[in-house]
Amino acid sequence: MKPSMPQRASPSSMPPAKAGTARQKGALPWLGRMFMGLWYLAGLGAAWIIISNFDADVFKRYGPRMLSGLLVTTQLVVLPLVMGAVIGLGLALMRLSGQRWLSLPANVYMTFFRGTPLLAQVFLIYYGAGQLRPWLQDVGLWGFFREAWYCVLLAFTLNTAAYQAEIYRVAIASVPKGQWEAADALGLPRRITFVRIILPQALITALRPLGNEVILMIKASAIASVVTILDLMGVTRLAFARTFDFSVYLWAAVLYLIIVETLRRLWTRLEARLTRHLGQQARAGKG
Amino acid sequence: MSIEAQEKKGMSVSDEVVVEMIDVNKWYGDFHVLRDINLTVYRGERIVICGPSGSGKSTLIRCINRLEEHQAGKIIVLGTELTEDIKKIEEIRREVGMVFQHFNLFPHLTVLENCTLAPIWVKRMPKKEAEEIAMHFLEKVRIPDQAHKYPGQLSGGQQQRVAIARSLCMNPQVMLFDEPTSALDPEMIKEVLDVMVDLAESGMTMLVVTHEMGFARQVANRVIFMDQGQIVEQNEPEEFFTNPKSDRTKLFLSQILH
């Protein structure tokens, strides 16, 4: 009896398992490969357009300009993101303060800037400032609002601040109450509790949606080109208007892709660093 | 209170008042959680508070370090009355340690960092000194070898012992325990209780909310029974368990001591 047991057990249990995995392996990857094939074809097509339409003259004239446009785009993204983070964190704290006179204005602000198109906000500031010129000159702010560059920076900052505020608010609120209580029980002042205990944990939750916000900002920054800013999109539009060479848009797309992809990789690293204690926890759980 | 029993355990109670609660009342909206609580805790006392869930026992000890506000009455801790004054509250919290049911360790900090954070930021202690003290208490709770791990890598019992060490690093005069073993698997309860027994024997003033009646028998010098926000009965453990006076206490004991 005993020696025959394993022999009988293995043939009866193995085949169904094999059949199951075989079916899964067969159908889905085939479909996947087909879709990947379509993407490769599209990519090859784009590459072919770029290469076959390559015009050394256009490249020489607009290549450097596009790079400087890229620099402008980077500034248009980085500066508002950093300033927006500071304002956003402040707004989030106002929302979480539990004081109506603080949370209500923050709430109104966030509803307005998240509820209206960024393009409208840029127009509102850029053209609105023109309307208010005499008054702005009186208070000495015309020098700021006269420049499209500052208007766009301001609009982008105010806009991303509203989005980031919501991200921080949710992330801070998601830190368990017990963390505040443990810190309180140790006699830690609120400021230190927030900076040392709550914020590091909230950032982990915030990181993903924050990454999305950065990527959305990069692409939304193209709006600046509508009000005369020569960012990457602005330069590209100019180049196309003068050369009618469609491939410049593909060049721009490739450049945007490079920025987004670089950032995505940077974000993955950042996330790995912030969640290192969770990673070890998972590993310890497995072992 | 039998003095013999105290001496047998090698733990003495002084006549210095550490915590005093006078006619304390607290409401959550319409719900009256604490009713006319009067309680005096002397230095070196080990008080176990028991009672059915919702009886206000956790709320009572959470009022002592102002994690909960009371609406009427007076609470005086180490000679300072608890008021809205945040400076005074923080002063008291430095002297009163607390251990929670769910440990509440800081997950993004190592065990050692959990223990040194408050001494460094509250007491302005140099990092090296804080680490030495932390290692001393981690040895006391018998996990010095886990100092560089993160809380998530430890078992529940180990985490709770870290939480006790973290509190002790502030060198508190009173320790509050809010159901410290309720979230633990049975095999881990003992390792935590052993640490608490050691602590009691070292002379620490302790208020412990727990259903571990064995612990109460072994180390408590007073057991308090609460029901519906009131202190129904209090006595030394021997008398409390063998000769309860009120019917509510009898009913409660029959339910948990089967």
Side-chain angles (χ1 to χ4, degrees), chain A residues 89 93 96-99 102 167-168 170-208 210 267-287, chain B residues 58 61-62 64-68 86-111 113-124 146 148-155 162-163 166-172 174-178 183:
Chain A
L89 201 57
L93 291 177
L96 290 165
S97 67
Q99 309 277 351
L102 281 173
I167 292 168
Y168 297 136
V170 172
I172 292 167
S174 75
V175 176
K177 210 174 126 228
Q179 295 289 307
W180 286 100
E181 288 186 347
D184 281 349
L186 287 166
L188 283 167
R190 283 267 144 149
R191 188 174 44 81
I192 288 167
T193 303
F194 184 72
V195 174
R196 298 267 149 190
I197 294 165
I198 305 302
L199 206 55
Q201 296 184 63
L203 274 181
I204 296 169
T205 314
L207 204 59
R208 289 254 159 162
L210 217 51
W267 226 253
T268 311
R269 284 215 180 159
L270 204 64
E271 191 165 16
R273 175 158 174 77
L274 274 177
T275 57
R276 61 196 186 281
H277 62 284
L278 298 175
Q280 280 169 342
Q281 183 180 345
R283 254 175 270 144
K286 271 180 211 159
Chain B
S58 286
I61 65 165
R62 287 162 62 89
I64 294 173
N65 66 350
R66 194 83 170 184
L67 287 187
E68 304 277 357
I86 186 71
K87 280 267 168 295
K88 279 186 181 165
I89 293 172
E90 280 175 3
E91 259 168 48
I92 287 172
R93 283 171 174 166
R94 271 171 232 170
E95 304 293 333
V96 179
M98 186 165 209
V99 174
F100 299 86
Q101 182 178 358
H102 296 289
F103 332 133
N104 297 357
L105 292 176
F106 308 129
H108 60 299
L109 302 178
T110 63
V111 165
E113 287 165 345
N114 263 276
C115 293
T116 55
L117 185 81
I120 289 173
W121 288 98
V122 179
K123 291 195 163 175
R124 304 272 155 208
Q146 312 283 2
H148 296 288
K149 288 193 179 170
Y150 287 97
Q153 296 168 276
L154 306 184
S155 73
V162 172
R166 177 176 69 178
S167 268
L168 293 176
C169 284
M170 286 296 284
N171 194 22
V174 186
M175 283 287 286
L176 309 172
F177 292 84
D178 189 1

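Each chain gets a letter, A, B and so on, in the order the sequences are listed, and its residues count up from 1. Predicted model, so just to flag it, every value in this text is computed and none were measured.
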Subject >> Part of B:His108 within contact of chain A (heavy atom distance under 4.5 Å) >> reply: both

Subject >> Nearest-0.5 Å distance, CZ of residue B:Phe106 to OG1 of residue A:Thr193 >> reply: 7.0 Å

**OP:** May I ask you to decide if A:Gly178's main-chain N or O and B:Asn104's side chain share a donor-acceptor pair within less than 3.5 Å?
**Re:** yes

Subject >> chain A contact via B:Arg166 - side chain, backbone, both or neither, heavy atoms under 4.5 Å >> reply: both

Original post:
Which pair of non-hydrogen atoms, one from B:Pro107 and one from A:Gln179, has the smallest distance, and what is that distance?
Top reply: CD-OE1, 3.5 Å

Subject >> The single option from B:Met98, B:Arg62, B:His102 passing side chain to side chain contact (heavy atoms under 4.5 Å, CB included) against A:Glu181 >> reply: B:Arg62

Original post:
Which bit of A:Ile192 comes within less than 4.5 Å of chain B, counting heavy atoms only: side chain, backbone, both or neither?
Top reply: side chain

**OP:** Check the pair B:Val122, A:Leu186 against side chain to side chain contact (heavy atoms under 4.5 Å, CB included), reporting the backbone distance first and the verdict last.
**Re:** CA-CA 8 Å; B:Val122 179; A:Leu186 287 166; 5.8 Å; no

Original post:
If you count the non-hydrogen atoms of other residues, nucleotides and ligands that lie under 6.0 Å from NZ in B:Lys88, is the total more than 12?
Top reply: no

Subject >> Point-to-point distance, once rounded to the nearest 0.5 Å, from CG of B:Asn114 to CD1 of A:Ile197 >> reply: 8.0 Å

Subject >> Heavy-atom contact with chain A under 4.5 Å, split by part of B:Phe100 >> reply: side chain

Subject >> Under 4.5 Å from any heavy atom of chain B - which part of A:Pro176 >> reply: neither

Subject >> pair B:Leu117-A:Leu188: side-chain heavy atoms closer than 4.5 Å >> reply: yes

Subject >> Region of B:Leu105 that comes under 4.5 Å of a non-hydrogen atom in chain A >> reply: backbone

